[in-house]
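Shown next, in structure tokens, is the structure this report addresses.
Being a predicted model, the structure only gives us computed values, none of them experimental. Atoms considered below: every heavy atom in the structure, side chains included; atoms not considered: hydrogens, waters and symmetry mates.
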Amino acid sequence: MLNIMEPPLSAGLLAQAREALGPSIAVAGGRVSDCQGPLLEGEASAISRAVRRRQEEFVAGRTAARQAMADLGLLPRSLPRRPDGPPAWPEGVTGSITHAGGQVLAAVGRLGPGLRAIGLDLEEDVSLPGDLVHEVCRPDEDQSRAIRIFSAKEAVYKAQYMLSRQPLEFADLRLEIAMTGEFSAEFMRPAPGFSSGQRLAGRQMAIGRFVLSAVIVRC
């Protein structure tokens with residue numbers, strides 16, 4: 001496996017993600033520029049027409065995911081992109097990949113009684129444009145925390161999509177975020193496997209110039 005370096009910021013993000021997700025889920029990552037391992041069969045076609053930055057992010061995500069798989073004792077496997085976008089995880093495995101601001105993180109776990117899906121989202125802690133704030137936030141959500149709401153909803157979206165395969169709009173989730181970082185996302189309309197009014201809990205952390213959100217869907 002590629003030896004991924006962990007400079008201070010990357011190490012801090014990794015530590016936060018590992019704390020949020022717990023010991024049964026492996027998390028790997030670092031700077032995108034440090035996570036440039038080889039692609040495996042079926043992966044390169046997903047970025048054949050992409051710009052260089054997107055290619056590097058894609059490679060970094062797969063490299064980090066394979067490192068996380070290795071940390072679980074799994075052999076490296078190809079992670080081609082599904083037609084609808086997410087990685088095609090090997091049987092018995094689930095995960096989530098995120099990148100922002102030159103950093104990449106991948107979380108991987110074994111499917112079982114305590115794990116059905118993972119959602120991980122990393123964002124730079126910046127102000128969103130006004131039009132995007134209104135798209136992301138419902139009228140009953142705190143628009144002054146728009147980037148935090150955006151990141152939490154992205155994490156929930158990723159986790160639920162692994163199970164429902166149904167896209168959601170930002171307004172389909174209502175977020176409550178405590179000052180401690182714990183958050184709750186309420187489904188405002190049903191999706192396959194999720195009923196209207198059902199909630200998913202997650203955790204959000206800030207480190208340096210980043211916001212990191214993590215969600216686990218358990219059985």
CD of E123 to CD of E154: how many Å apart, nearest 0.5 Å? 6.5 Å
D121 and S151: side-chain donor and acceptor closer than 3.5 Å? yes
Please determine which of R209, R148, R145 meets the salt bridge (charged side-chain N to carboxylate O under 4.0 Å, His left out) test together with D125. R148
In chain order, what residues pass the side chain to side chain contact (heavy atoms under 4.5 Å, CB included) check against T180, with sequence neighbours excluded? A178, E182
Nearest heavy-atom pair of A20 and M205: which atoms, and what distance? CB-CE, 3.6 Å
Quick one: CZ on R18 to CG on L13, what's the gap to the nearest 0.5 Å? 11.0 Å
May I ask you to list the residues sharing a hydrophobic cluster with L111, side-chain cutoff 4.5 Å, ordered by chain and number? none
Going by the ring-ring contact (aromatic ring centres under 6.0 Å, His included) test, which pairs reach into residues 89-141, not counting sequence neighbours? none
Would F183 end up clustered with L168 when hydrophobic side chains under 4.5 Å apart are linked, directly or stepwise? yes
Any idea which heavy atoms bring Q55 and A50 closest together, and the distance? NE2-O, 3.2 Å
Which pair of heavy atoms, one from G42 and one from S45, lies closest together, and at what distance? O-OG, 3.7 Å
Whether E43 side chain and L79 backbone form a donor-acceptor pair below 3.5 Å: yes
With the threshold set at 4.0 Å, does a side-chain nitrogen-carboxylate oxygen contact exist between R203 and E19? yes
Got S10 and Q103 here, is their nearest side-chain heavy-atom distance under 4.5 Å? yes
Is the NZ or CZ atom of R62 positioned over F58's six-membered ring, under 6.0 angstrom from the centre and within 45° of the axis? yes
Residue set satisfying salt bridge (Lys or Arg N to Asp or Glu O under 4.0 Å) with R116, at least two apart, ordered chain then number -> none
Measuring from S144:OG to I149:CD1, what's the distance to the nearest 0.5 Å? 7.5 Å
Who passes ring pair (Phe, Tyr, Trp, His ring centres under 6.0 Å) against F170, sequence neighbours left out? F150
Can you sort out the partners of R52 under salt bridge (Lys or Arg N to Asp or Glu O under 4.0 Å), two or more places apart, ordered by chain and number? E56
Under 4.5 Å between side-chain heavy atoms, hopping through other hydrophobics if needed: is there a path connecting L21 to V156? no
Whether R138 side chain and A171 backbone form a donor-acceptor pair below 3.5 Å: yes
After noting the C-alpha distance and the side-chain angles of R31 and Q36, does the key distance pass the side-chain contact (heavy atoms from CB on, under 4.5 Å) rule? CA-CA 9 Å; R31 292 184 300 206; Q36 295 297 299; over 6 Å; no
Residue pair P87 / I97, side-chain heavy-atom distance below 4.5 Å: yes
d(L105 CG, T98 OG1) to nearest 0.5 Å is 7.0 Å
Give a yes or no on whether V32 and I207 share a hydrophobic cluster (residues Ile, Leu, Val, Met, Phe, Trp, Tyr; joining criterion: side-chain heavy atoms under 4.5 Å apart). no
From Q160 atom CD to L173 atom CG, the distance as rounded to the nearest 0.5 Å: 7.0 Å
Please report the shortest heavy-atom distance between L14 and G29, naming the atom on each side. CD2-N, 3.5 Å
Residue among K153, R189, E186 satisfying side-chain contact (heavy atoms from CB on, under 4.5 Å) with D172: R189
List the residues meeting side chain to side chain contact (heavy atoms under 4.5 Å, CB included) with S96, not counting sequence neighbours, and say none if there are none. I118, L120, K158
Joining Ile, Leu, Val, Met, Phe, Trp and Tyr whenever any side-chain heavy atoms lie under 4.5 Å apart, the cluster holding M188 also takes in none
Just jot down the side chain to side chain contact (heavy atoms under 4.5 Å, CB included) partners of P129, sequence neighbours excluded, or say none. D131, L132
Rounded distance (nearest 0.5 Å) linking atom CD of E57 with atom SG of C35: 12.0 Å
Test: ring-ring contact (aromatic ring centres under 6.0 Å, His included). Region: residues 192-219. Which pairs qualify, not counting sequence neighbours? F187-F194
Mind checking whether V93 and I25 sit in one hydrophobic cluster, side chains of I, L, V, M, F, W, Y counted as touching below 4.5 Å? no
Taking all non-hydrogen atoms of both residues, which atom of Q16 and which atom of A206 are closest, and how far apart? NE2-O, 4.1 Å
If only atom types and distance count, is the side chain of R77 paired as donor or acceptor with the main-chain N or O of P90 below 3.5 Å? no
I'd like to know whether CD of E169 has more than 12 heavy-atom contacts from other residues, nucleotides or ligands below 6.0 angstrom. no
For P192, enumerate each residue passing the side chain to side chain contact (heavy atoms under 4.5 Å, CB included) test, keeping only those at least two apart in sequence or located in another chain. S164, Q166
Find out if a path of hydrophobic residues (ILVMFWY) with successive side-chain heavy-atom gaps under 4.5 Å connects V27 to L122. yes
For M179, the other hydrophobic cluster members (4.5 Å side-chain criterion, sorted by chain and number) are none
Could you pull out the closest heavy-atom pair between P86 and R165, with the gap in Å? CG-NH1, 4.2 Å
